[in-house]
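To keep things clear, I will list the structure first and then write my remarks on it.
Remember, it's 1-based here, ligands and their atoms both numbered in the order they're listed.
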Amino acid sequence: MSKVINKTLIIGLGLIGGSLAKALRSNRRFGQIIGYDRDPDETSVGIELGVIDIAAESLADAVSEADLVVLAVPVKAMETVLVDIAPFIAEDTLITDVGSTKANVVAAAKRVFKTIPTGFVPGHPIAGSEKSGVAAADEGLFDKHKVILTPLAESSSEAVNVFADLWESTGAEVLVMDVEKHDEVLAATSHLPHMLAFSLVDTLAQEQDHNTDIFRYAAGGFRDFTRIAGSDPTMWHDICLANKDALLSQLDRYITGLGRLRTAIECSDSETMLGTFTRARAAREHFSRILSGTAYSQDMSNQLVTFRAQPGGSVSGKIRVPGDKSISHRSIMLGSLADGVTEVSGFLEGEDSLATLQSFRDMGVVIEGPVDGNVTIYGVGLNGLQAPPGPLYVGNSGTSMRLLSGLLAAQQFDTELTGDASLTKRPMGRVADPLRLMGAEIETAENGRPPLKIKGGQPLKGIHYDMPMASAQVKSCLLLAGLYAEGETSVTEPAPTRDHTERMLTGFGYPVKQEGAQAAVSPGGQLHATKIDVPADISSATFFMVAAAIAPGSDLTLEHVGINPTRIGIINILRLMGANLELLNEREVGGEPVADIRIQYAPLKGIHIPEDQVPLAIDEFPALFVAAACAEGTTIVSGAEELRVKESDRIQSMVDGLKTLGVDIEGTPDGAIIQGGTIGGGVVESHDDHRIAMSFCVASLRATDTITINDCANVATSFPGFVELAKSAGIQVEKEEG
Ligand code: S3P
């Protein structure tokens with residue numbers, strides 16, 4: 001704070017003014033706190049309760065002496081107070097207010113001052129309580145609440161900084177927006193709901209004959225919805241007049257929406273009714289998650305989750321791990337683009353696939369669920385997506401961002417794709433570059449990193465693309481763009497990668513031409529809704545396969561695991577290392593091969609992992625490093641440089657962690673050399689990478705001491721319920737939160 005504040009004057013010692021005075025008086029950062037209220041009794045109480053240092057007797061003198069003035073009077077009284085104080089405001093006096101509407105306060109200030117002083121920065125703390133008066137002053141009232149500052153063109157940046165500092169010193173989070181936006185936002189989020197509550201209660205109360213009965217029977221829903229109808233009528237009358245225009249336009253939007261719902265009910269239009277309710281419920285869940293800080297809309301790395309795994313043990317029994325992440329993502333994408341209703345079962349309810357689901361809801365697709373892994377998608381057809389209301393946030397999910405970018409490059413509307421801190425470091429040039437060759441307009445941040453800004457309405461033309469890396473995400477991205485491009489789009493891969501997109505497109509009745517290493521699509525087809533049974537994810541099963549392979553006495557069966565030939569590198573590699581692994585009950589479910597996998601302990605030996613297996617086991621390497629550390633002899637991983645650009649640099653993360661645990665391991669640019677031996681205990685970092693966290697948890701089975709794994713919140717991206725399932729199988733791990 002550059003300007004030194006010796007005297008702060010609070011005009012109006014109500015709940016807000018009193019609470020601010022008390023908070024500032026206790027942090028002592030804004031000089032003496034002088035209080036003025038037109039009711040002298042309030043100032044006396046303020047002194048008695050220690051809310052203010054000094055009670056001002058003359059408003060004129062107090063304003064002349066103050067460095068900073070806060071107008072904490074009702075919005076309606078603002079202009080009169082401004083008239084009273086204007087002659088005593090010095091050139092460098094800082095002034096703010098706490099009014100809940102802003103355009104009218106600014107208009108009043110313009111009338112009074114003619115030229116707005118540079119020290120004037122309107123503000124609005126979004127905090128309150130049903131109590132009022134200085135006696136209710138609470139110095140914690142603003143803690144963790146939002147305060148909106150609405151600086152004007154005339155406001156100096158120094159003044160804005162001082163007020164931001166002032167509110168932050170009370171524990172508040174400061175947001176800055178312009179006056180119009182503030183009034184619009186408040187009209188929608190506060191003023192409109194109050195109007196609905198007042199109007200509903202009033203309407204029901206006017207049913208003279210029945211109202212007592214209605215109120216007697218009114219249960220939770222009524223109580224919850226109408227709580228705010230108990231607010232101060234005069235204040236709300238004033239707010240309606242003060243924010244008339246913005247409130248009217250929100251009321252109009254609402255009345256239109258209600259009219260639509262009325263018609264839907266009248267016509268028994270289930271799709272519109274379900275659409276409205278489902279979207280609303282999803283938005284409400286999204287909002288609750290934001291409030292409770294548990295959403296994929298949050299940077300999960302902010303949450304502290306630690307795994308503590310005790311040494312020893314074995315795994316046994318029959319378990320089913322959650323649904324395949326890659327297939328879950330694609331089921332939402334293709335189901336949304338299909339004509340008709342797609343039913344998905346076994347859907348992975350992890351943060352990553354939920355981020356994809358939310359993105360499609362944001363683009364107007366009605367999706368019910370997930371409930372116990374069941375999702376119903378009301379497809380909108382290839383050209384039915386709508387512009388989302390804001391940037392699509394996909395959290396930690398590289399698959400969402402890369403696949404969506406292909407699809408979005410072909411839409412008629414602009415979009416922006418954003419993600420969490422880890423995703424923001426990952427390369428997107430690998431999809432943006434070929435999409436640009438197809439005619440897409442995509443802006444990335446520096447070095448091709450997210451966010452991606454994708455321009456709509458760009459005609460795409462098919463290309464042939466020789467992928468420089470073996471990536472199913474890049475391949476899928478281009479095939480999805482190819483559904484909309486002119487002519488054929490074909491992609492050749494340097495090594496086989498997962499082919500779920502090709503299989504699922506075929507399952508939806510969209511022709512895909514596959515010849516050797518090349519897959520191609522042409523436009524003009526249609527996706528027909530279907531049923532999708534998502535098998536258990538072999539990448540999640542991997543942690544338990546390795547667990548059983550390294551822990552003597554283990555005998556574990558993993559049920560209904562997807563064993564698509566492009567994903568079975570882990571089975572091939574573990575077998576080469578000597579694992580005792582059987583595939584039982586092999587079958588095909590919805591175009592994907594599935595089996596139960598039984599794995600019993602057998603000593604492992606070190607090998608040079610064949611490079612052709614790397615893309616087929618690309619997500620399994622963190623766990624394979626642990627298997628290698630438990631094998632007899634040396635294991636060499638090579639040709640796996642892609643591991644360096646996953647959710648973390650997985651070579652480095654595993655090398656660092658295993659070294660901490662006393663393992664003899666050396667990283668190389670494209671892999672590592674690992675000597676089998678003893679695993680000790682210690683504290684390792686997951687680097688916010690789900691698979692690193694789970695791999696070290698599995699290592700505990702052969703450790704000699706406790707392994708503590710930091711930053712495990714992201715395990716929820718791919719494997720909700722991991723700790724519970726691991727414990728049920730025999731791994732002695734506990735999750736600590738906070
Ligand atoms: C995935 C492809 C792989 C994999 C990722 C999921 C997919 O990424 O690592 O977890 O669903 O297409 P790359 O295509 O970048 O190798």
Residues forming a side-chain hydrogen bond (donor to acceptor under 3.5 Å, both in side chains) with Arg598, sequence neighbours excluded |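 Residues passing side-chain hydrogen bond (donor to acceptor under 3.5 Å, both in side chains) with Arg598: Asp555.
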
How far apart are the C-alpha atoms of Glu488 and Lys513, what are their side-chain angles, what is the distance that settles it, and do they pass the salt bridge (charged side-chain N to carboxylate O under 4.0 Å, His left out) test?
-> CA-CA 10 Å; Glu488 187 182 81; Lys513 231 167 65 190; 2.7 Å; yes

Output side-chain donor-acceptor pairs under 3.5 Å for residues 610-622, partner residues at least two apart or in another chain, one line each.
residue : atom : partner : partner atom : Å
Glu611  : OE2  : Ser638  : OG           : 2.7
Gln613  : OE1  : Asn572  : ND2          : 2.9
Asp619  : OD2  : Arg498  : NH2          : 3.2
Glu620  : OE1  : Ser539  : OG           : 3.0

Ile618 neighbourhood, listing ligand 1 atoms whose heavy-atom distance to it stays under 4.0 Å |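 Taking each heavy atom of Ile618 in turn, ligand 1 has 9 (O) under 4.0 Å.
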
Taking only heavy atoms of Arg402 into account, list the atoms of ligand 1 that are under 4.0 Å away from them.
->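 Result: 15 (O).
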
Under 3.5 Å between some N or O of ligand 1 and some N or O of [X]?
X      : result
Arg330 : yes
Lys646 : yes
Ser326 : yes

Verify the neighbour count for atom CD of Glu486: are there more than 12 heavy atoms of other residues, nucleotides or ligands below 6.0 Å?
-> no

At under 4.0 Å between heavy atoms, what of Arg498 touches ligand 1? The answer is side chain

Can you pull out the closest protein heavy atom to atom 1 (C) of ligand 1? Residue, atom name and distance to 0.1 Å, please.
->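 For atom 1 (C) of ligand 1, the nearest protein heavy atom comes out as Gln473 NE2, 3.5 Å.
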
What protein heavy atom sits nearest atom 10 (O) of ligand 1, and how far off is it?
-> Asp619 OD2, 2.8 Å

Inspect the contact between Glu441 and Lys453 and indicate whether a charged nitrogen and a carboxylate oxygen are less than 4.0 angstrom apart.
->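 No salt bridge links Lys453 with Glu441.
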
Look at the rings of Phe307 and Phe722 and say which category their plane angle falls in: under 30° parallel, 30 to 60° tilted, over 60° perpendicular.
-> parallel

